[in-house]
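These notes are about the structure you will find just below.
Proteins get letters first, then strands, A, B, ... in listed order; numbering begins at 1 in each.
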Number of protein chains: 2
Amino acid sequence: MCAKKILVVDDEQPLVELLTANLEREGYEVISAGDGLTAIELAEHQKPDLILLDWMLPKLDGFEVCKRLRPKTTAPIIMVTAKGEEIDKILGLEIGADDYITKPFSPREVLARVKAQLRRDTYVNKETTGTDNIIKIGELEIDKSAYQIRRAGVDVALTFREFQLVLFLAENAGQVFSREALLQHVWGYEYFGDVRTVDVTVRRTREKLEPDQNNYRYILTKRGVGYYFDKSQ
Amino acid sequence: MCAKKILVVDDEQPLVELLTANLEREGYEVISAGDGLTAIELAEHQKPDLILLDWMLPKLDGFEVCKRLRPKTTAPIIMVTAKGEEIDKILGLEIGADDYITKPFSPREVLARVKAQLRRDTYVNKETTGTDNIIKIGELEIDKSAYQIRRAGVDVALTFREFQLVLFLAENAGQVFSREALLQHVWGYEYFGDVRTVDVTVRRTREKLEPDQNNYRYILTKRGVGYYFDKSQ
DNA sequence: TTTATTTTCTCCAAAAATGAAACAAAATTG
DNA sequence: CAATTTTGTTTCATTTTTGGAGAAAATAAA
């Protein structure tokens, strides 16, 4: 899993520190800005996954910052406000914040809301499986919504990573991928590991997937390059 | 479950965009119209599952659009109005809108109401069809109107959440859902809590529902992904 | 055939996911 | 408003998966 980056915008230094400490303790990467202009700049260049934005800011207030940010980023914005401020406006259409928290707040509450917003973000990706949920290649069926592969109608028990590997290769059948490329696509962009990991996962997958261990049909090796899924299957 | 289609009718382009973005982020399919006539046309041909309709519109105002739409579609209509407009008329018989939202509103609020209406929609449909109120899967009977589950004819005493969980999974049997997705669908849009809550509820449900605690039949785990209802039941 | 390179295999340790249980908070009911 | 039930959180234990290192095997080249 990758560390989500959170931009904290507030002019009160102690508050920023408190939030930073709490967020970092939960494994988030935190960047911060003390005023609106810096916030916009940071948001553009650092591309945070979520923005915690104070309402009262020097130079450019939260309202303005939010309005300018909205067209530039899809990251959820949580406004931090004092009680009594016009909450309906904050969440209103003009601004487009995703949520708000009123001061004083507990760190736990902030964390809960941050988590919930980030969750919502990832949620869509996992489920928009759409119509075409089963890929068929020869006698292989890859069911994307059941995370299940069948060969000749029989379930093949793969782990999550193994499944992802087969899915990726099968969706790009015929194309050879280097180990580095597979690490990128199957493991994720910020994965720093040994390329040998790919070999091991390929072997384990073959063990479960291939009917004939001496004559592989699905995941083939392109010596000196990498692996690919046999298109003719 | 296919993506619900929502028709957004408003003449302010930025507003439409904001709503579209938010709705799509929740997995809905969005179509839009900028005036009343287009709205009616779209509603007829695209058959949306829900209509978000602004009060002030060029060519044909929301009042008229709603009145003409009502006989043609059973989709819930949510009126978008400025504060101070005659709300009782909007919901009244003459127009027949199902709900209303006053400007300015938060995206969250809109999503909440959309969701609520769609939920009621499916509920009403399932009820008016009468017969189909009991889902049978193997020796399991899920009685949606009695909020009651029977296994082999014997009542299983589940709490509301547990019931909702089983119902949702059973209605989408075979499809694996991440904990995040389950929080969204079973707990609701504004739930701020830990994903592990799902684990605990699953465990409690299994305790009551499953006949064999060492060999689950209904709610199964897909390691690394989430939970699903066994299709073969 | 021999050598060098690449791939595969095996084992072990680390990390992650899940399950279970205990506890706390919140909601419901009488 | 007190008691009960439901729901959510946290912690700990267990299981499963994953990653890494090096030996063995296979392949290509000399």
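Counting to the nearest Å, the P atom of C/dC9 and the NZ atom of A/K208 are 14 Å from each other. For the pair A/L182 CG and D/dG19 P, the interatomic distance rounds to 13 Å; values are reported in whole Å. Atom CG of B/N214 and atom P of D/dT14 are 16 Å apart (whole Å). Here the P atom of nucleotide C/dA14 and the CG atom of A/D194 are 17 Å apart, to the nearest Å. Rounded to a whole Å, the CZ atom of A/F163 is 16 Å from the C1' atom of D/dT17. Between the C1' atom of C/dT7 and the CD atom of A/E210 lies a distance of 15 Å, rounded to the nearest Å. Atom CG of B/L220 and atom P of C/dT18 are 13 Å apart (whole Å). One interatomic measurement links the two molecules: CD1 of B/I219 to P of C/dT18, which rounds to 15 Å at whole-angstrom precision.
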Carefully, step by step, assess A/L53 and A/L7 under the rule side chain to side chain contact (heavy atoms under 4.5 Å, CB included).
-> CA-CA 8 Å; A/L53 183 57; A/L7 170 59; over 6 Å; no
Please assess A/Y228 against A/K231 for the test side chain to side chain contact (heavy atoms under 4.5 Å, CB included), listing each intermediate value before the final yes or no.
-> CA-CA 9 Å; A/Y228 65 103; A/K231 211 172 183 175; over 6 Å; no
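Classification of the A/F63-A/W55 ring pair by plane angle, with boundaries at 30° and 60°, yields perpendicular.
With distances taken from any side-chain atom of B/T201 to the nucleotides D/dA26, D/dG8, D/dG20, the minimum falls on D/dG8. Among the nucleotides D/dG20, C/dT7, D/dT7, the one closest to the side chain of B/F160 is D/dT7.
At least one side-chain nitrogen or oxygen of A/T159 sits closer than 4.0 Å to the OP1 or OP2 atom of D/dT18. Under 4.0 angstrom from either OP1 or OP2 of D/dG19 there lies at least one side-chain N or O belonging to A/R161. For A/W187, a side-chain nitrogen or oxygen approaches OP1 or OP2 of D/dG19 to under 4.0 Å.
Taking 4.0 Å as the cut-off between side-chain N and carboxylate O, B/R204 and B/E162 do not count as a salt-bridged pair. A salt bridge links B/K144 and B/E171; the closest N-O separation between the charged side-chain nitrogens and carboxylate oxygens is under 4.0 Å.
With 3.5 Å as the limit, one finds no donor-acceptor pair spanning the side chains of B/T197 and B/D199.
For A/F229 and A/F168, the ring centers sit 6.0 Å or farther from each other.
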For nucleotides 19-24 of chain C, print each protein N/O atom paired with a nucleotide N/O atom at under 3.5 Å, atom names and distance only.
from	atom 1	to	atom 2	distance (Å)
C/dG19	OP1	B/R206	NH1	3.1
C/dG19	OP1	B/T221	OG1	2.8
C/dG19	OP2	B/Y227	OH	2.8
C/dG19	N7	B/R196	NH2	3.1
C/dG19	O6	B/R196	NH2	3.0
C/dA21	N7	B/R203	NH2	3.4

